Amino acid sequence: MHSIFALKGHLIDCDHNKRTRFHPNSYLLIEQGLCVGTFAQLPDCYRHVPVIDYGDKIIVPGFVDLHLHASQYANRGLGLDLELLQWLEKYTFPQEGKFADLHYARTIYAAFCRELIRGAITRACIFATIHIPASLCLMDMLEQSGLIAYVGKVNMDCNCPDFLRETGAAQAAANTRQWLTEVADRNYRRVKPILTPRFAPSCSPDLLRRLGQLAQTQHLPVQTHLSENLDEVAWVRQLYPQSPHYAGVYAQFGLLSAHTPAIMAHCLYLQPQEQELLRQTGTFIAHCPSSNANLASGIAPVKRMLDAGIPMGLGSDIGAGHSMNLLGLTAQAVACSKLLQRQTAEESALSLEEAFYLATRGGGAFFGKTGAFSPGFAADVVTLDDSRIRLPGETLAQRWQKLFYLGDEREICAKYVAGTPIRLQA
Ligand code: GUN
Ligand code: FE
């Protein structure tokens, strides 16, 4: 690929106020993997750069999935008539236990990566399992794909079946250090490790403390679950009666702080003090509307938390979420927030523009300047051919709306990550 080139088409992205910007028939100029800017006409000094002309196609920033479990890929769509804690016991833990077998892991992770590559996602934050070889296998495959990802070897040492339990806090922390060493030896360019205590109930206080120390001393990012389900929240209150709230448990151990970037998946039932803690520390919420509906966890008050200034993006939460189609997930975020508004007078709904922001620029911010076509942003780009969907006479704004409700990977015809084209099919 040339170090400087332009893509031409109907460009659509978000500004920092979450408003959608439409640039019909325009050029996105890319230099050294970064956006230079959008132009109706290429400036004279760039007249000779190579142009890839996508004609009447729509060009949007790459979508960011802030929360999914690659190890649950085979389970998507299964057992979703249960609620969280029963679903974990009956379906999820037995499934994750199978990743002790590297051969099995390789098969499932290959299928997972194929679908990830084919879809609208350019960056993702992914849970693997407790198993080191399988987690490394997933990281190797992702590095090959050209996508950018954080991957976490999961930690859990209590309240889980023996076949999926690390034997004690010291051993669990040692496993994670060993995994980090092996990751460092591989010198990945695009895939990075992220500390991944599963959630407070499945980690002993000693393990949370050790992981918090690791996060602080090695400046590692953290991902976990927070306040997803009412039974889970009650359980954490029982386990940590001294803690003012669920988020306080992670904060107490250094896993939720201003010093290390962190993603908390779900956040449905946060107290005002917990929301304030997230805002003050710049901690991201991964909003997972499909998962929350499937497990009947409830509806997150996303509009309120977004307006409060808490960093936020979307998560498919495969396998509690059943689909990696981030276009559809964006529409579902709007639908869920409208249901909450219907139920609760003081909540308001997300607009589609705000949901598009969450799916691109909102989640992209976890990776730095990512998720928009502004100057200096990483050139993560998805090109969509909506000819299967569109009808004659539709405006660009109508075509853009319909993509979220009717579009899927069939519309995707090209994808770039930091200016590098991705091979959509292996
Ligand atoms: N809480 C702890 N583990 C999980 C998981 O695998 N999925 C979801 N949705 N919530 C969790
Ligand atoms: Fe999850």
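Just so you know, these numbers use all the heavy atoms, side chains as well, and skip hydrogens, waters and symmetry mates. What you are looking at is a predicted structure, and each value in this text was computed from that prediction instead of being measured. Ligands are counted one by one from 1 in listed order, and the atoms in each one are counted from 1 as well.
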Open item on the list: Run the ring pair (Phe, Tyr, Trp, His ring centres under 6.0 Å) test on F127 and H67 for me, step by step, so that the C-alpha distance in whole Å, both residues' side-chain angles and the decisive distance to 0.1 Å come before the verdict.
Closed with: CA-CA 8 Å; F127 280 51; H67 180 76; 5.0 Å; yes
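- Cation-pi check for K18 over Y357 is met; the charged atom lies under 6.0 angstrom from the ring centroid and within 45 degrees of its normal.
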Ligand 1: which protein N/O atoms lie under 3.5 Å from its N/O atoms?
from     : atom 1 : to   : atom 2 : distance (Å)
ligand 1 : 3 (N)  : R198 : NE     : 2.8
ligand 1 : 6 (O)  : Q72  : NE2    : 2.8
ligand 1 : 6 (O)  : R198 : NH2    : 2.7
ligand 1 : 9 (N)  : E228 : OE2    : 2.9
ligand 1 : 9 (N)  : D317 : OD2    : 2.8
ligand 1 : 10 (N) : E228 : OE1    : 2.7
ligand 1 : 10 (N) : E228 : OE2    : 3.4

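- Angle NE2(H67) to the Fe ion (ligand 2) to OD1(D317): 90° [nearest 10 degrees].
- Rounding to 10 degrees gives 90° for the angle at the Fe ion (ligand 2) between NE2 of H69 and NE2 of H225.
- Salt bridge present: R186 and D140 bring a charged side-chain N and a carboxylate O closer than 4.0 Å.
- Aromatic ring centroids of F367 and Y150 lie under 6.0 Å apart.
- Between F356 and F63, the ring planes are tilted. Angles from 30° to 60° get that label.
- Ion pairing of R304 with D307 is absent here, as no side-chain N (NZ or NE/NH1/NH2) approaches a carboxylate O to less than 4.0 Å.
- Aromatic ring orientation, Y109 versus F99: tilted (interplanar angle from 30° to 60°).
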